[in-house]
Every structure is written in C-alpha cells, then in structure tokens.
Amino acid sequence: MSKLELIGLTKTYGQKIVIEDLSLKVENGEFFVILGPSGEGKSTLLKIVAGIEKPTRGSVIIDGKDVTELPPDKRNIAMVFQSFALYPNMTVKQNIEFPLKMRHLSKQAIEAKVKEALRLFEIEDLASSSVTKISGGQKQRVALARATVRDPSLFLLDEPLSNLDARTRFAARGELKRIQQTLEQTFVYVTHDQKEAASLANRVGVLHKGKFEQVGTFDELAQTPITKWVGEFVGEFPMSFLPGSFVGLDNNVEIGFNPYWVTEGDPGIECLVESVEAIGNDLYLFCSVNKGDKVIIKARAKAQVGEKTSFRLDRYLVFKDGVLISKI
Ligand SMILES: Nc1ncnc2c1ncn2[C@@H]1O[C@H](COP(=O)(O)OP(=O)(O)OP(=O)(O)O)[C@@H](O)[C@H]1O
Ligand SMILES: [Mg+2]
C-alpha cells in the first residue's frame, strides 16, 4: 500500500486550470520532491494533499484511506510552510508542546515527547528561549520539531528552507535528510531549488502545466529528460540544444546535451565564447553557434570572452517536437 496516492487530481480557479488530471504514488519512507518554476501549482498541489484546498476533481488517498472530503486536522499530516509560523509569544519548548496540549495528552507523555524532539533536533539548549530571539535555521528546527511530536503519518513541506541564508540552508538541508531517515517518515517536499532536489529527493516530480512532466531520480531527470522542457529546467545548467544538422541529422530534430558531454577542441562545432563561469575547479563557456544558438560547454582550458573555440559531442539526446526520441 502506498503512503500517498493522488488519482486524477484537477484544480481550477475560475477559468484557470492549475492542476490537470494529475496522478502520483509516493511510497512509505520516501522523500518525494515536487520541483517546478514559480506559479506552476506546487503549493496548490501540496495544499490539496493537506486538505487546505479542495480539488475540483480527483482523490487523495493516505494510507489506503480516501481523505478527499476530510478537513486537514483529520488527515494526520504535518505541514511546514516557508514562513514557519511559530507562536511569537512562546518559548521554543512551549511551541513544541502546544499541539500535544491541544490533544490533552498527560503531562508525562508531553514531557517525554518534547524532550525527544528537542534532542533529535539538537535544540535542548534553546528550550527556554523566546522564538523571536533565535536564528532562521533554529526556527526551522523548532517548526519541524513541533510538526514531529504529533507523530504524523505524512510530512508536507513547502519551501521550508527558502528564508535561510546560503550557509544555513546547506546545513539545514543535510539535517532535514538525516531527520527524515531517522524518523523513517514519508516527506513530500516542494521546492524550485535544483540543489535541494538533487540532495534530498529519492524521486523528483517536475511540475509543468498542471502535470508531472517527468518523475524519476534527480539524475534520471538531468541525464535523460524525456522532454526539451525538462532538459532546460532540470540540472545545474540547462541542457543546450542545436538543430539536428550539426550532427548530420535532419533539421526537424534537435540534439540536446549537457556541458560535460562535450570535448573541447578541433575539429568540431565552432562557437564564439560570450561569457565564462568558474564553478569550483571547472570552467564553463557560454557560447553562441552560428551567431544564434546558445550552448554551454565545459572548458578544457582557460578561455577568453570573444575567442573562438570548437567542441565535439561525446554523447547527446535527440528530440522531435520537444520530445525525446533517442539517446546517442
Ligand atoms: N486562491 C487562488 N485563487 C486564484 N488563483 C490562485 C489561487 N491560488 C493560486 N492561484 C494561482 O494558481 C497558480 C499556481 O499557484 P501556486 O501558488 O500553487 O504556485 P507555486 O508553484 O507554488 O509558485 P511559487 O514557486 O511562486 O510558490 C498561480 O498562477 C496562482 O496565481
Ligand atoms: Mg508556492
């Protein structure tokens, strides 16, 4: 039995279709990431799973039970949003125990659960601090701790790290993964951040035009996008595309390639270096081919803007009408 099953979900606002006939199964213990650009319906989809929004059509099944008609508090889910929404006039500990007090658990049971959560999230020292006086990363841990004490069946997280600075974000990401693995819980996590998707997800679903355009591991999506759109969206760099004629194919197809599928040097496809970007020890050249087509290639050696260079393709994908038709 899947932990979460979405069947034929559609959500419209007036004339606008935000989610269209979307289906998905998320397995027990899985870290599933919903990835997509702004405005593609990621939050809407998560809110439907949570019960905050009602689907226009379709069903939400959690632990084999149809919860489509149930309100959020009857679904046994924990939702953590981008703005952590902690109670500002309470301490860290009071925030965490609040949902348990609402459930009228015994004092001992509450103490034990809160202690465990404080330990798991390594915030014992902050227990009596006001939540207005802790850092963004610490707030996130408190929000997660508060979500966990209720023993939810499913965790739903909507860009929970997006308020954090780059360093804290990196640490918080690692911590989130550790916590998910320790708890052996199922997470559905919304982000538009490639790095988060790459490091956290067991599987990623790329949301586009109300549907998952592709579902798979991050590597599958980055290495073998089934559409040109996925190729351009997923990965540290967008995939580059050229007309088929560059490799002797007909011009009705396009070839797509990642920067590191290329060997720079003659003889090859000529291009003009328009900008250079260094990432770690690697150099990437942003070039134009035939004055028009833009490509990104990993450089062999230092290159200057305005120089000409050439590259060969070690491998590439062939797309017709924006859809993958073969791998070469
Ligand atoms: N209550 C609403 N009424 C009307 N339209 C809405 C409503 N909520 C969302 N939308 C529209 O639905 C679309 C999807 O919104 P949603 O918030 O789900 O996107 P998102 O993928 O989460 O974007 P972001 O990455 O910016 O958070 C948007 O075009 C938005 O304007
Ligand atoms: Mg959103």
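Keep in mind the model is a prediction, meaning the values are calculated, not measured. Order of appearance sets the numbers: ligands from 1, and atoms from 1 within every ligand.
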### Task
Run the numbers for me: atoms of ligand 1, each under 4.0 Å from some heavy atom of Glu40, listed by number.
19 (O), 21 (O)
### Message
Taking only non-hydrogen atoms of Gly36, do any sit less than 4.0 angstrom from ligand 1?
### Response
no
### Task
Decide whether an N or O pair under 3.5 Å exists between Ser38 and ligand 1.
yes
### Task
Closest by any non-hydrogen atom to atom 20 (P) of ligand 1: pick that one out of Pro37, Gly14, Gly39.
Gly39
### Message
Using a 4.0 Å cutoff against the non-hydrogen atoms of Thr44, which atoms of ligand 1 qualify?
### Response
14 (C), 15 (O), 16 (P), 18 (O)
### Task
Please confirm if an N, O or S atom belonging to Ser38, backbone or side chain, lies less than 2.8 Å from the Mg ion (ligand 2).
no
#### Entry: Expected output: side-chain Arg300 to main-chain Glu264 donor-acceptor under 3.5 Å
yes
### Query
Between Lys47 and Asp158, does at least one N-O distance fall below 4.0 Å, as a salt bridge requires?
no
### Query
Can you find a heavy atom in the side chain of Phe218 that is under 4.5 Å from one in the side chain of Val234?
yes
### Query
In terms of side-chain geometry, is the basic nitrogen of Lys93 or Glu111 positioned less than 4.0 Å from the acidic oxygen of its partner?
yes
#### Entry: Arg119 bridged to Glu116 by N-O distance under 4.0 Å
yes
### Task
Output the list of atoms in ligand 1 that are nearer than 4.0 Å to some heavy atom of Glu159, sorted by atom number.
25 (O)
### Query
Between Glu69 and Lys54, does at least one N-O distance fall below 4.0 Å, as a salt bridge requires?
yes
### Task
Quick one: pull up CD in Glu184 and CG in Asn28 and give me the separation to the nearest 0.5 Å.
9.0 Å
### Query
With atoms numbered from 1 as shown, which atoms in ligand 1 lie under 4.0 angstrom from a non-hydrogen atom of Ser43?
17 (O), 18 (O), 20 (P), 22 (O), 27 (O)
### Query
Counting heavy atoms only, which part of Val18 comes closer than 4.0 Å to ligand 1: side chain, backbone, both or neither?
side chain
